[in-house]
Amino acid sequence: MSEQKVDLSVDLGGFKLKNPVVTASGCFASGREAAEFMDLKELGAVVVKSMTIDPWPGKPTPRMAETPSGMLNAIGLQNKGVDHFLAVDLPWLVSTKVPVIASIAGNTVQEFMLVAEKLRRAPAVVAVEVNISCPNLEDRNNMFAHDAKATASVISAVTRMVDKPVFAKLSPNVTSIPSIAEAALDAGARGISLINTVMGMAIDIDTHQPKLAGVVGGLSGPAIKPIAVRAVFDVHRAFPHVPIIGMGGIMDAKDAIEFILAGATAVAVGTANFINPAVGGEISRGIESFLRTRGFRSVAAIRGQVKIEG
Amino acid sequence: MSEQKVDLSVDLGGFKLKNPVVTASGCFASGREAAEFMDLKELGAVVVKSMTIDPWPGKPTPRMAETPSGMLNAIGLQNKGVDHFLAVDLPWLVSTKVPVIASIAGNTVQEFMLVAEKLRRAPAVVAVEVNISCPNLEDRNNMFAHDAKATASVISAVTRMVDKPVFAKLSPNVTSIPSIAEAALDAGARGISLINTVMGMAIDIDTHQPKLAGVVGGLSGPAIKPIAVRAVFDVHRAFPHVPIIGMGGIMDAKDAIEFILAGATAVAVGTANFINPAVGGEISRGIESFLRTRGFRSVAAIRGQVKIEG
Amino acid sequence: MIQQTCEVLSYKKLSEEYHLISIVSPEIAEAAKPGQFLGLRPPAGRSFILRRPFSIYRVNRRGDWATTIEVVFDIRGAGTAELASLRPHDTIDVIGPAGKPFAIPKKQHSCLLVGGGVGAVPLFFLGDELRASGKQVDVLWGAATASRLVSPIDAKRLGSMTAFATDDGSEGHHGLVTELLPDMIKRCGTEVIYACGPHAMLAAVTRIGLQHGIPVQVAMEELMGCGVGICMTCVQPIWNKDGTSVTYQRTCVDGPVFNGARVAWDAFVPNSPRVSVPEGN
Amino acid sequence: MIQQTCEVLSYKKLSEEYHLISIVSPEIAEAAKPGQFLGLRPPAGRSFILRRPFSIYRVNRRGDWATTIEVVFDIRGAGTAELASLRPHDTIDVIGPAGKPFAIPKKQHSCLLVGGGVGAVPLFFLGDELRASGKQVDVLWGAATASRLVSPIDAKRLGSMTAFATDDGSEGHHGLVTELLPDMIKRCGTEVIYACGPHAMLAAVTRIGLQHGIPVQVAMEELMGCGVGICMTCVQPIWNKDGTSVTYQRTCVDGPVFNGARVAWDAFVPNSPRVSVPEGN
Ligand SMILES: Cc1cc2nc3c(=O)[nH]c(=O)nc-3n(C[C@H](O)[C@H](O)[C@H](O)COP(=O)(O)OP(=O)(O)OC[C@H]3O[C@@H](n4cnc5c(N)ncnc54)[C@H](O)[C@@H]3O)c2cc1C
Ligand SMILES: Cc1cc2nc3c(=O)[nH]c(=O)nc-3n(C[C@H](O)[C@H](O)[C@H](O)COP(=O)(O)OP(=O)(O)OC[C@H]3O[C@@H](n4cnc5c(N)ncnc54)[C@H](O)[C@@H]3O)c2cc1C
Ligand SMILES: Cc1cc2nc3c(=O)[nH]c(=O)nc-3n(C[C@H](O)[C@H](O)[C@H](O)COP(=O)(O)O)c2cc1C
Ligand SMILES: Cc1cc2nc3c(=O)[nH]c(=O)nc-3n(C[C@H](O)[C@H](O)[C@H](O)COP(=O)(O)O)c2cc1C
Ligand code: FES
Ligand code: FES
């Protein structure tokens, strides 16, 4: 009933977004394609596809397999490199006036540093998200995100190169997500993004071949939502003052609210864009009407408000 | 066309089952209820609900929440204790002539040992499965399965108490499943069962309450199948000669074949029983007809046969 | 218990809120007793996979070409929405009849049925059986509003005396069934109460019944994973016979009908202090 | 591109194998060009969530009350089974028209359409347009068996010359389309080839076309996550203009129509040796 305005803005630890809905890296390219379906300004920010210092070719096909309520992907971080981003994608993004979060990746600490350095003075880039779910060439291809020390070394190197806020994007494929979060925060991360995809595999029973050319891939979509909500909840409980960008299987505003109740400050929408490239704006409007209907004045009012007894 | 007999029997490292389909612990009780719907002899074995030295009361309700293509549960290992199992359930199981795999649980190494000891001479029990996804009271409630040392201490204690083959049931919620498997095998486990449920959480956005009274629960069903297939694949690659009971989201014979191609010797069916308590027999017959149609003489012929290049 | 793929004979919208589906299964219909339920499986390819439990509303034994079971439900989520889209000749996978039925009293004669909202559903079948065995049946239905009373006309036909209570006063007494209950008991000479509805109503009806020295049988609800006794999700805290301890018992096979006096209405089973239970399973 | 919830105007079983659905969308129909496709979204509540890509079979611009787009498909899995259950007045969420269309030649006159199996679908729309712009159209359809030839009667109507090849000889030439192709090219004086079908067929048609000095436009398939260019799942290995390197390009926005000469038919893009790529994403 009340025509009271709902405050959707969120503070991600030093920078504000006018609403809590961003895109998940790798699920929105740089926004240009989806702009045919929506006004990007309906988003809190665009998190662009992870970029590397040189172009990465990506993996052979098939790169995707549908699974129950989800999908597996093994894209191999195909991207045209940070220089292409700065020269082509970013100027276009600047023209749309949407804030940009730059996701960066690499196979060595040095590579992460080089990309970060190039972003130092990038306009419109309000934060850098560090995708540490990458194999570490200097440690037998173990993912950076699977080891607290490797996580810390990447994050501290990146924070030394850019003075923009740095978010560490964590993998759920570890024994303790909070302890990796701790390493990232100690190394200077301003906030935590989670979760990246869950490792998985599918096999074609007729050909006996893995359904992905990359054999193992990342599971995303509604199937992983409970895993993601729990990860956000655990990290928020461990570090209540740290901003979290929560993601994993968010399809609609109800899912987004669930993440915010678990402790997410903002939410990122990934796989859902593939099905509905305008979904980000719809979720943002859905959150607003959910809050208004229930008399909440702001999205901050429900953050972390899941009721736990005892 | 061919009326050639297909050999469904599998060798689980010293004991044979006449077909590769067993039930997943906690998803079939002790078989008595499901026997109304099927002949238990259609199963390779019944893996019973995990039993503890004393009766465990279980957690308050709600204990379950449905999620996309899956379910979360937080039952709290409600069971009547090993003595009740030996006095009531086992004699009945013996009368059905189905082989039994006894799943055991505990909160201390001592508790596991005490249960194992009681099973030493239990008839029809062909193996003991050790459910180490239990909080370890002696280590700040960290799950045994989340730590290689704790895993090793439970498994070696259990193998000292029973001379039946011991299977370690592993949790997927760790950074490296093969390294936990290694600890279990070094400690004397004959084989590996995996995966237990994936940790997850769901929140009711109207009441702000967790959907489970236990707050966090275990995700099972088709949603986790890709995670489980990958876990089986990884452990099989690391230990090709070790028998694996693979499980996680198996709903039909096709799913079972996928696990066998990934490296499982036998497969366990969990959540699918809830929807169709006769599903185990159907899957076993489905595997047979799959193999026959394609001219395979035995289930062993396709075990681990996923084609990986390079 | 029987697991069968059954044909839908008919679909009917009973009221603004309630839908009725009639399912062909001579085998299940023959075996069914009042208070038991069916587990209805969602069609293939859905993102929701678990069976949904529904009380048996009525069993149709007339005619000999087909014997049917009826369920009545309101739309709560995806499962019930899908059910409401079933039409004649569609098929559905059914398990049933599941659970412990209401006990038909041997000695007592005067029976009062107390139903809250959709909880009235199983009491029709029970009422029919009680009447068939010569008992007196009285009816007390409560609901949020008139349209949420299940089959009020049939209810009047069923009860020697019939009363309604609605939260908004749109039909009958303006208030709760429990406010009418003591008076009903007196006027009807009630000797046994059968109740089904929300947890708080069942607790209150049990309390009032016991205060009057009348046994109360309650049909309870809880989320069900399997409906056949193998998953342990559906438990209720139940006192043992001598009232010394509480254990969790399964609604699907040990219930859904429990002796109200044995339900630990406001107690949770305490965890034994030394037992730390896992997060899943 | 347009995203819309559209009404189904009609459903028709074209043959034992193929189904045709006609979808009402004046906006998409107006914008559509041959070779483009639609992304059809599965209904809510399904365990399969991704859109399925389908070529535009024909666009119906007759009449002014409704302008429709047609898709033709065979049942492969859950998504196509669900599509085949659509009936008039059902609705479906559609994105389209997607992808780069076939280029209508400016200079060349004699066009040969080569379709393999269900790959013939987009070539009807193309053939109509080519004929409308005064070109000569010849048709060569191949399939495993006669019932898998798409609309053979319409194909005969479309082509000045029309030939069929089936693997089992049940219709036309007993063998592959590529066995008929050199002769067709000669007899028809083909100046440009349009092909759609299995990967191996497209590779062979391209090779033969190029041997004859004829440009070949191929419409390719690959698993699609999004169909709008944002997921990078649907790539094909494509030579750059000067033939010095291969990069992965998206079938959904950079294709599905590619210049056959630019496709790296039997090459995979080599990973730069120092780059180790993540297991997911
Ligand atoms: C013994 C018993 C008898 C029942 N009889 C009837 C009846 O006659 N008529 C009727 O309308 N409803 C009845 N219910 C409730 C009915 O089962 C739920 O309304 C239904 O399962 C909701 O499914 P959904 O997919 O529409 O809702 P959702 O909320 O989407 O369901 C999500 C999950 O929760 C479960 N669930 C949701 N609500 C309930 C509930 N109240 N009880 C148990 N499980 C629930 C579902 O089965 C499913 O697993 C009965 C429940 C039980 C336990
Ligand atoms: C550009 C393009 C145009 C197409 N045009 C047609 C057409 O006109 N008629 C027709 O019958 N089919 C066409 N296809 C193939 C069609 O998309 C698949 O048959 C359909 O997606 C199968 O879905 P399913 O759920 O029935 O099968 P499933 O095998 O269950 O699908 C599982 C997943 O694989 C994807 N998939 C399966 N097969 C294919 C395939 N061959 N190509 C792409 N994705 C696939 C599905 O989209 C889904 O994500 C086209 C494909 C592409 C890429
Ligand atoms: C096709 C695809 C590509 C992705 N690429 C990236 C990427 O480049 N960098 C990254 O940090 N995460 C990447 N992700 C992970 C997503 O950003 C997100 O963490 C994950 O998909 C979970 O969210 P969702 O379930 O909403 O998709 C990718 C996911 C998908 C499905
Ligand atoms: C309700 C429920 C109870 C379970 N109880 C146990 C248990 O007692 N012991 C155990 O080792 N695993 C238990 N599990 C885990 C299953 O055995 C199995 O590992 C897991 O559910 C994955 O298989 P599924 O997807 O086929 O169910 C339980 C799972 C469910 C869903
Ligand atoms: S619902 Fe599974 S035990 Fe009752
Ligand atoms: S299908 Fe997503 S980029 Fe082509």
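FYI, side chains are in, hydrogens and waters are out, and symmetry mates aren't considered; it's all heavy atoms of this structure. To find a chain, count down the sequence lines: A is the first, B the second, and so on, and within it residues start at 1.
Across A:Ile203, A:Asp206, A:Val232, A:Asp234, the residue that shares the most heavy-atom pairs under 4.5 angstrom with chain B is A:Ile203. Most heavy-atom pairs under 4.5 Å with chain B: of the set A:Asp147, A:Thr67, A:Asn173, A:Ile257, this distinction falls to A:Asn173. Contact count against chain B (heavy-atom pairs under 4.5 Å) is highest for A:Ser69 among A:Ser69, A:Ala231, A:Ser171, A:Gly221. For the options B:Pro210, B:Gly70, B:Gly249, heavy-atom pairs under 4.5 Å to chain A are most numerous at B:Pro210. The greatest number of non-hydrogen atom pairs below 4.5 Å with chain A, out of B:Ala228, B:Pro222, B:Ala65, is found for B:Pro222.
Closest approach of A:Ala148 to A:Ile180, counting heavy atoms only: N-CD1, 3.7 Å. When all heavy atoms are compared, the tightest approach of A:Glu66 to A:Met64 is N-SD, 3.8 Å. Taking all atoms of both residues into account, the shortest heavy-atom contact from B:Phe259 to B:Val267 is CB-CG1, 3.8 Å.
If you measure heavy-atom distances from B:Ser176 to chain A, you find no contacts under 4.5 Å at all. Heavy-atom distances place the side chain of A:Val215, and not its backbone, under 4.5 Å from chain B. When heavy atoms are compared at a cutoff of 4.5 Å, A:Leu219 approaches chain B solely by way of its side chain, counted from C-beta outward. Heavy atoms of A:Ile224 lying under 4.5 Å from chain B are absent altogether. Of the atoms belonging to B:Leu261, heavy atoms from both backbone and side chain fall under 4.5 Å from chain A. The contact between A:Phe290 and chain B is made entirely by side chain atoms (from C-beta outward), counting heavy-atom distances below 4.5 Å. Looking at A:Thr207, the atoms closer than 4.5 Å to chain B (heavy atoms on both sides) all sit in the backbone: N, CA, C or O. At a 4.5 Å heavy-atom cutoff, the contact between B:Val198 and chain A is made by side-chain atoms alone.
One finds the CD1 atom of A:Ile205 at 8.5 Å from the CD1 atom of B:Ile302 (value rounded to the nearest 0.5 Å). For the atom pair B:Arg230 CZ and B:Ile195 CD1, the distance stands at 10.5 Å (nearest 0.5 Å).
Using a 4.0 Å cut-off between charged side-chain N and carboxylate O, B:Glu258 and B:Lys225 make a salt bridge.
The shortest distance between side-chain heavy atoms of A:Pro20 and A:Ile287 falls below 4.5 Å.
Residue A:Arg297 places its CZ atom among 12 or fewer non-hydrogen atoms of other residues, nucleotides or ligands, all under 6.0 Å distant.
Donor-acceptor pairing under 3.5 Å is lacking for the side chains of B:Ser220 and B:Thr197.
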